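Reading through the structure tokens given below for one structure.
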Amino acid sequence: MSTTQTKIVKKTESLEEAVIRFAGDSGDGMQLTGGQFTTSTAIVGNDLSTLPDYPAEIRAPAGSLAGVSGFQIHFSSKDIHTPGDALDVLVAMNPAALKANLQDLKPGGMLIVNTNAFTETNLKKVGYAKNPLEEESLTTKYQIFSVEVTRLTQNALEDLKLSAKLVDRSKNMFALGLMYWLYSRPMEPTIEWVKKKFAGKPDILEANLRVLKAGYHFGETTETFISHFEIKQAEIKPGKYRNITGNEATVLGIIAAKEVTGLELFLGSYPITPASDILHELSRYKYLGIKTFQAEDEIAAIGSAIGASFAGGFGITTTSGPGVCLKSEFINLAVKTELPLIVCDIQRGGPSTGLPTKTEQADLLQALFGRNGESPVPVIAASTPSDCFETMLEAFRIAIKYMTPVFFMSDGYLANGSEPWFIPSVSSLPKIEVKYRKEKEGFAPFVRDEKTLARPWAIPGTCGLEHVVGGLEAEQVTGRVSYDPVNHDAMVKIRAKKIANIENDIPELKILNGSDKGDLLILGWGSTLGSINAAIEKLLENGHKVANVHLRHLNPFPKNLGAVLKNFKHVLIPEVNLGQLRLLVRARYLVDAQGLNIVSGQPLKVRDIVEAAEKLLK
């Protein structure tokens with residue numbers, strides 16, 4: 001008797017967008033999995049936004065809530081602004097990943113779980129009295145797909161002589177292959193990446209490829225999944241694109257600034273999350289003449305950067321909030337000596353050591369006022385991962401033109417998140433002119449440009465331009481140490497006026513969405529842009545008279561900010577802090593601005609901004 005095997009025919013459903021999250025133990029390779037899925041999605045041509053979520057503990061116990069690592073990606077056939085509020089799919093590799101992330105899964109969403117990890121021991125570690133996958137509250141609320149990921153990985157590798165640890169490490173590739181099938185992504189980019197990554201380790205190379213394909217073919221052949229999905233290519237401006245994180249864009253901005261200025265660049269840095277990747281990435285470009293220095297501490301890092309600027313190069317230092325605290329005295333020295341310098345503050349949760357791997361935008365007041373005396377510094381903030389590139393170029397322009405340290409503000413969300421970036425041509429980059437003082441006649445270290453009030457940049461060792469600058473108050477023009485009260489009053493006011501005058505050299509605010517008058521203006525800065533844009537679109541669809549503007553320049557503010565604010569009945573300022581920009585706006589412009597302030601270590605959700613706006617509009 002013969003039997004005929006019936007081929008499983010699965011339908012393909014078209015979707016406009018999807019939000020998925022890979023979640024597992026810190027050793028399960030969720031960041032790698034999410035990164036590869038992102039690369040494949042970018043190649044397909046979808047618009048995308050990502051949110052990596054790292055555990056704060058370096059060596060959290062396996063299977064614990066503290067050790068959960070996640071990677072979220074929102075991809076679409078249309079223009080999107082955020083990594084998404086709620087998940088369509090959650091891939092949970094163990095009970096801890098399920099418990100830490102389940103609240104973000106939409107009702108009716110897909111829950112794909114590695115059932116082999118749901119052992120009695122792992123369940124007890126996170127406080128489950130019994131297996132939640134058997135609870136009616138889950139089975140009726142979500143689509144649960146139980147997959148024996150660990151066992152199927154072992155089966156795929158049973159004839160390879162690999163340790164049990166290496167076999168277990170390969171299971172993330174099974175999940176990746178399955179999700180490639182589920183969302184019609186090509187495996188080829190990951191196959192090529194694996195071949196390059198493990199070219200010298202044939203057994204590991206073979207293991208990764210086998211398990212990746214096993215996951216893909218499991219989705220294709222199992223009866224567990226009756227359909228899969230496709231999301232068509234987004235309509236984007238023609239040109240060359242790459243997927244980029246905020247830290248990568250920051251590095252490329254620094255490199256581009258070197259090209260347009262011709263300056264010798266020096267990065268003095270001390271490793272700190274989430275800024276460390278800037279140091280790591282920039283160190284790869286020594287062949288361009290860029291010098292990177294990993295100092296013994298934060299103070300030495302900025303001291304070396306100031307020394308580079310004093311010598312005629314350009315100094316940059318990278319850090320996060322705790323490092324800014326330590327650098328404050330040296331930032332003040334750069335203000336006093338009036339040397340160009342960029343302080344990159346990649347913000348994270350605080351106070352103190354705080355939440356090293358979580359995002360926050362609570363360093364604004366520290367950047368503005370966290371020094372002794374009257375110590376004004378320009379502050380500018382990037383708003384998206386790719387915007388870090390242009391914002392860095394702007395930081396260079398201001399620092400050089402006005403001879404001042406500049407704060408470049410990013411945060412953990414921008415630093416580690418990614419999006420497609422249109423690669424600009426070198427000819428399109430803004431020109432940044434560098435003027436070293438060469439004329440001896442009339443030289444003094446604090447003689448000033450009539451328009452910018454910037455002092456001359458004279459390279460030490462230039463014959464006839466010998467001078468001394470330091471931390472003690474200087475006499476106007478000559479730079480000699482002075483304790484005269486009238487002189488000090490004048491110098492304090494000159495330094496303040498120099499920074500204030502930058503408002504004449506930055507663009508006026510433009511309405512991003514909506515009209516220039518209405519019932520509600522949403523004002524934002526930094527990484528809240530995506531969530532605010534998405535919220536405004538929903539509010540406009542609902543017929544509300546709303547608009548939004550976003551600040552890149554936070555000191556000084558754009559000249560027309562006050563006029564823009566007065567054109568709206570209400571002002572809402574969403575921030576991942578307790579209202580720092582709101583405090584400044586209320587004090588400066590005497591408007592009754594209201595805040596949406598959620599400091600959870602995560603980006604603001606679109607729905608929270610919509611709810612806050614609608615409450616004000618009522």
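Every value quoted in this text rests on a predicted model; they were computed, and no experiment measured them. If you read the sequence from its start, that first residue is 1, and numbering goes on from there. Hydrogens, waters and symmetry mates are skipped; everything else that's a heavy atom, side chains included, is used.
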>> Within the 3.5 Å criterion, strictly below it, is a donor on Thr12 or Glu230 matched to an acceptor on the partner's side chain?
In response: no
>> Distance alone, cut at 3.5 Å: any donor-acceptor contact between the side chains of Thr33 and Asn172?
In response: yes
> Which pairs, with at least one residue in residues 518-532 and sequence neighbours excluded, count as a side-chain hydrogen bond (donor to acceptor under 3.5 Å, both in side chains)?
Replying inline: Asp411-Ser527, Asp519-Lys569, Trp525-Glu575
Could you tell me which non-hydrogen atom of [X] sits nearest to which non-hydrogen atom of [Y], and how far apart they are?
X	Y	result
Thr50	Tyr413	O-CE1, 4.1 Å
Ala367	Val379	CB-CG2, 4.2 Å
Asn101	Leu87	O-CD1, 4.4 Å
His553	Pro558	O-CD, 3.6 Å
Ile316	Cys344	CG2-SG, 4.0 Å

>> Applying salt bridge (charged side-chain N to carboxylate O under 4.0 Å, His left out) to Asp47 and Lys78, what does each step give before you reach the verdict?
In response: CA-CA 7 Å; Asp47 194 17; Lys78 64 177 185 178; over 6 Å; no
> For Lys258, does the NZ atom have more than 12 heavy-atom neighbours from other residues, nucleotides or ligands under 6.0 Å away?
Replying inline: yes
>> If you count every heavy atom of other residues, nucleotides or ligands that lies below 6.0 Å from Lys431 atom NZ, does the total exceed 12?
In response: yes
> Do Asp387 and Arg552 sit within salt-bridge range, that is, some charged N less than 4.0 Å from a carboxylate O?
Replying inline: yes
> Do the charged groups of Asp53 and Lys358 touch, with an N to O distance under 4.0 Å?
Replying inline: yes
Pairwise side-chain contact, [X] with [Y], heavy-atom cut-off 4.5 Å (strictly under):
X	Y	value
Leu584	Asn555	no
Leu48	Asn46	no
Val585	Leu523	yes
Ile254	Ile342	no
Ile278	Ser269	no
Ile272	Ile346	no
Leu414	Pro385	yes
Pro378	Thr404	yes

>> Once ring pair (Phe, Tyr, Trp, His ring centres under 6.0 Å) is applied, what residue pairs with a partner in residues 28-55 remain, sequence neighbours excluded?
In response: Phe22-Phe37, Phe37-Phe75, Phe37-Tyr180
> Would you call the rings of Phe396 and Phe314 parallel, tilted or perpendicular, where under 30° means parallel and over 60° means perpendicular?
Replying inline: parallel
> Is the Trp421 ring parallel, tilted or perpendicular to the Phe389 ring (thresholds 30°, 60°)?
Replying inline: tilted
Exercise answer: donor-acceptor pairs, residues 532-543 side-chain atoms, under 3.5 Å, sequence neighbours excluded:
unit_1, atom_1, unit_2, atom_2, d
Asn533, OD1, Asn513, ND2, 2.9
Asn533, OD1, Asn548, ND2, 3.1
Glu537, OE2, His81, NE2, 2.8
Asn542, ND2, Lys538, O, 3.3

